[in-house]
Amino acid sequence: MAFPSINEQMDVIKRGTVDVLPEDELVKKLERSIKENKPLVIKQGFDPTAPDIHLGHTVGIRKLRQFQELGHQVVVIIGDYTAMVGDPSDKKSTRPRLSHEQVMAHAQTYQDQFFKILDKEKTRVRFNGDWFKKMTFEEIMSMAASFTVARMLERDDFARRYAAQLPISIHEFFYPLMQGYDSVEIKADVELGATEQKFNLVIGRHIQKEYGMEPQIILTMPVLEGLDGKQRMSKSLGNYIGIDEPANEMYGKTMSIPDELIYRYFELVTDVSAGELAEIKAQLEDGHTNPRDLKARLARTLVRMYHNAEAAQSAEEAFRNLFVKKDIPDDMPVFPLKEDMRIVDVMTAAGMAESKGAARRLIQGGGVSLDGEKINDPFYNITPGDPRVLKVGKRKFVRITPALS
RNA sequence: GGGGAGAUUGCGGAGCGGUCAAACGCAACAGACUGUAAAUCUGUCGGCCAAGUGCCUUCGGAGGUUCGAAUCCUUCUCUCCCCA
């Protein structure tokens, strides 16, 4: 197999990348790979702590995909053992430890989703439990001996937690060591991770040296901000776009990102070419283009990537009808009504409000309408007559129909 | 091993015997304005009841004192700090 030239490879590798450390070593590795016609081993680890992959994860996965396209060997590590520790990076507290069963179940759904982006044939998947569960205590001690507490405490989050008098459990110190040891096991040439992973990635270099290996290159990718534009995209913060989400959801969520993120999303999570990227950037800055239109293009692009062109088209139409023309959506959940019910009861029963109190407050706050008419009376009675559309907030709709009994 | 401090409603953080479902800030939700963007302004922010000086659950867990406890006592669990 012929590899592209060093420059071509570096251009691809550096798109969107924050750090390549050290860059000259990477160039050397690439040179050697071309000379010996041998692919580099590219590693990225994933904690199967949450079962859904969202756009934030795809930043790294897509970089792996690019390496595959360049002809290199991608190894995805499922951190079944490390997940039981829980990565303390960027967390202010100890994560709950997961059971091995939970982890394995998550791992399966993870893999299904990986291959929406990665080429399955060209990907090796390894579980780090494969080697960790066989380790003797002696081996664990020698691994632990390769690193000092002082260096461990240099790490930002540990330092912060220590200073803030928050608990740090000993087992959390194992996380970076284990991740580093994974690189030893698979003889990684390059390890990819988010910027917050930098410390862990550097430890990988350190440990590889301890084990007499050539250290890996570390490549850090930015952490993608979520829908709120401030915090990292994450499932637990609820500000994410999942790659398995229905087309309309995906489109709508994309439209709600702040304008400042439009370019970043194009750069990090879509395939638009370098030329198009430059054009988008220019349009965002020229003051003539409505950022909304670029955002719509982003939304279409994403839906096309994870669904298809028709879905993108219809999601866009649905979005326009709903929010530009303020029509009601075509599809909405149906609530069968058997007998008269008060509106607050319907809202709670249909899952549109957490409690009757909350429903009442929504009504009093003017957030509820029935067939387009604002309802102000929390005791309003709905009768199972004609089908009616109940709207709560901006985007919760339910169609009330008489129950067929 | 010894001594000290602490655990409050999503988070931070007041409260230190009744007036506490618990100040304030953040987040969140709804409304106005918009481009389901941002910023700003307004309202809400434990649950239940046709809604009131109403009832129920909540201030780490379990007991106790008291007419009355987030507040006092005992004990347990967890955390942090200092000493060894």
Side-chain angles (χ1 to χ4, degrees), chain A residues 90-94 96-97 153 158-170 172 225-232 234-241 245 247-266 283-284 287-300 302-303 315-329 332 340-345 347-349 351-369 372-382 390-397:
Chain A
D90 197 39
K91 288 280 156 178
K92 45 187 175 177
S93 59
T94 312
R97 299 177 60 191
L153 285 174
F158 281 146
R160 245 183 293 123
R161 281 165 63 187
Y162 192 67
Q165 310 192 343
L166 292 165
I168 302 172
S169 298
I170 298 287
E172 293 182 72
E225 290 82 0
L227 304 178
D228 56 304
K230 292 184 194 119
Q231 291 185 281
R232 55 176 307 161
S234 96
K235 193 174 182 185
S236 51
L237 291 172
N239 61 352
Y240 71 104
I241 302 176
E245 292 198 62
N248 287 7
E249 276 296 297
M250 197 179 262
Y251 190 98
K253 282 188 177 182
T254 305
M255 288 306 283
S256 77
I257 65 168
D259 292 357
E260 298 76 62
L261 251 43
I262 296 174
Y263 180 78
R264 201 163 163 79
Y265 271 49
F266 269 116
Q283 287 179 328
L284 279 167
H288 302 302
T289 315
N290 188 336
R292 182 198 50 190
D293 299 331
L294 289 169
K295 214 187 316 189
R297 176 173 167 194
L298 174 65
R300 277 197 307 276
L302 287 172
V303 175
E316 180 152 291
E317 276 162 28
F319 179 85
R320 286 215 177 118
N321 287 338
L322 188 49
F323 294 106
V324 181
K325 293 199 224 150
K326 305 229 188 273
D327 276 354
I328 55 168
M332 67 180 91
D340 281 21
M341 257 175 112
R342 272 183 308 165
I343 190 160
V344 288
D345 295 314
M347 284 166 69
T348 47
M352 302 171 96
E354 301 227 325
S355 68
K356 287 181 199 178
R360 189 172 304 115
R361 279 180 235 120
L362 282 166
I363 292 164
Q364 279 157 357
V368 178
S369 64
E373 301 235 351
K374 210 159 255 190
I375 303 294
N376 297 309
D377 174 15
F379 301 113
Y380 186 91
N381 244 308
I382 303 184
L390 178 64
K391 181 182 178 193
V392 175
K394 269 185 219 134
R395 45 185 313 198
K396 283 188 206 148
F397 290 88

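What you see is a predicted model, and the numbers here were worked out from it, not measured in a lab. Just so it is clear: chains get the letters A, B, ... in the order the sequence lines come, proteins before strands, and each one is counted from 1.
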What is the pairing partner of [N], taking Watson-Crick or G-U wobble pairs with both distances under 3.5 Å in any strand?
N	answer
B:G17	none
B:C72	B:G64
B:U40	B:A32
B:U57	none
B:C45	none
B:C26	B:G10
B:C80	B:G4

Round to a whole Å and report the spacing from [atom1] of [X] to [atom2] of [N].
X	N	atom1	atom2	answer
A:E354	B:A30	CD	C1'	14 Å
A:M352	B:A30	CE	P	11 Å
A:N376	B:A30	CG	P	17 Å
A:F379	B:A50	CZ	P	6 Å

If the [atom1] atom of [N] is compared with that of [M], how far apart are they to the nearest Å?
N	M	atom1	result
B:C82	B:C76	C1'	24 Å
B:A70	B:A23	C1'	14 Å
B:A62	B:G4	C1'	25 Å
B:A14	B:A21	C1'	15 Å
B:A39	B:C29	P	13 Å
B:A84	B:G12	C1'	35 Å
B:U42	B:G25	P	12 Å
B:G35	B:G46	P	34 Å

Polar side-chain contact A:R360-B:A51 base: donor and acceptor under 3.5 Å: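 Result: at least one qualifying N/O pair found.
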Side-chain heavy-atom pair A:I382, A:D340 within 4.5 angstrom cut-off: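 In short, these two side chains do not touch, never coming nearer than 4.5 Å.
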Beyond-backbone contact of A:L298 with A:I257, side-chain heavy atoms, under 4.5 angstrom: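 Sidechains of A:I257 and A:L298: in contact.
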Residue whose closest nucleotide on RNA chain B lies nearer the 5' end, A:G366 versus A:Q231: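 Looking at the nearest nucleotide for each, A:Q231 comes out on the 5' side.
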A:V392 or A:A358, whichever maps to the more 5' nucleotide of RNA chain B: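 The residue whose closest nucleotide sits nearer the 5' end is A:V392.
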A:F319/A:N248 under side-chain contact (heavy atoms from CB on, under 4.5 Å): CA gap, chis, key distance, verdict: CA-CA 7 Å; A:F319 179 85; A:N248 287 7; over 6 Å; no
Residue-phosphate contact under 4.0 Å: A:K356 side-chain N/O, B:C49 OP1/OP2: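 Answer yes for this pair, as a side-chain N or O of A:K356 is under 4.0 Å from OP1 or OP2.
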B/S/- contact track for nucleotides 33-46 of chain B, protein heavy atom under 4.0 Å: --BBB-S----SS-
Heavy-atom protein contacts under 4.0 Å, nucleotides 79-84 of chain B, coded B base, S sugar-phosphate only, - none: SSS---
Axial cation check for A:Y240 ring with A:K253, 6.0 Å and 45° limits: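 Pair A:K253/A:Y240 counts as cation-pi.
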Under the 3.5 angstrom rule, does the side chain of [X] hit a backbone N or O of [Y] as a donor-acceptor pair?
X	Y	value
A:K295	A:M255	yes
A:S355	A:A358	yes
A:N239	A:S234	yes

Electrostatic pair A:R297-A:E316, nearest N-O below 4.0 angstrom: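 Between A:E316 and A:R297 there is no salt bridge, as every charged N stays at least 4.0 Å from the carboxylate O atoms.
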Presence of salt bridge, A:R232 and A:E225, under 4.0 angstrom: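 No, no charged N to carboxylate O under 4.0 Å.
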Derivation and outcome, side-chain contact (heavy atoms from CB on, under 4.5 Å), residues A:V368 and A:I343: CA-CA 10 Å; A:V368 178; A:I343 190 160; 4.0 Å; yes
From CA spacing to verdict: side-chain contact (heavy atoms from CB on, under 4.5 Å), A:F397, A:L322: CA-CA 11 Å; A:F397 290 88; A:L322 188 49; 3.7 Å; yes
Sugar-phosphate only, base, or nothing, as touched by A:K396 at under 4.0 Å among non-hydrogen atoms: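 Here A:K396 touches no strand at all.
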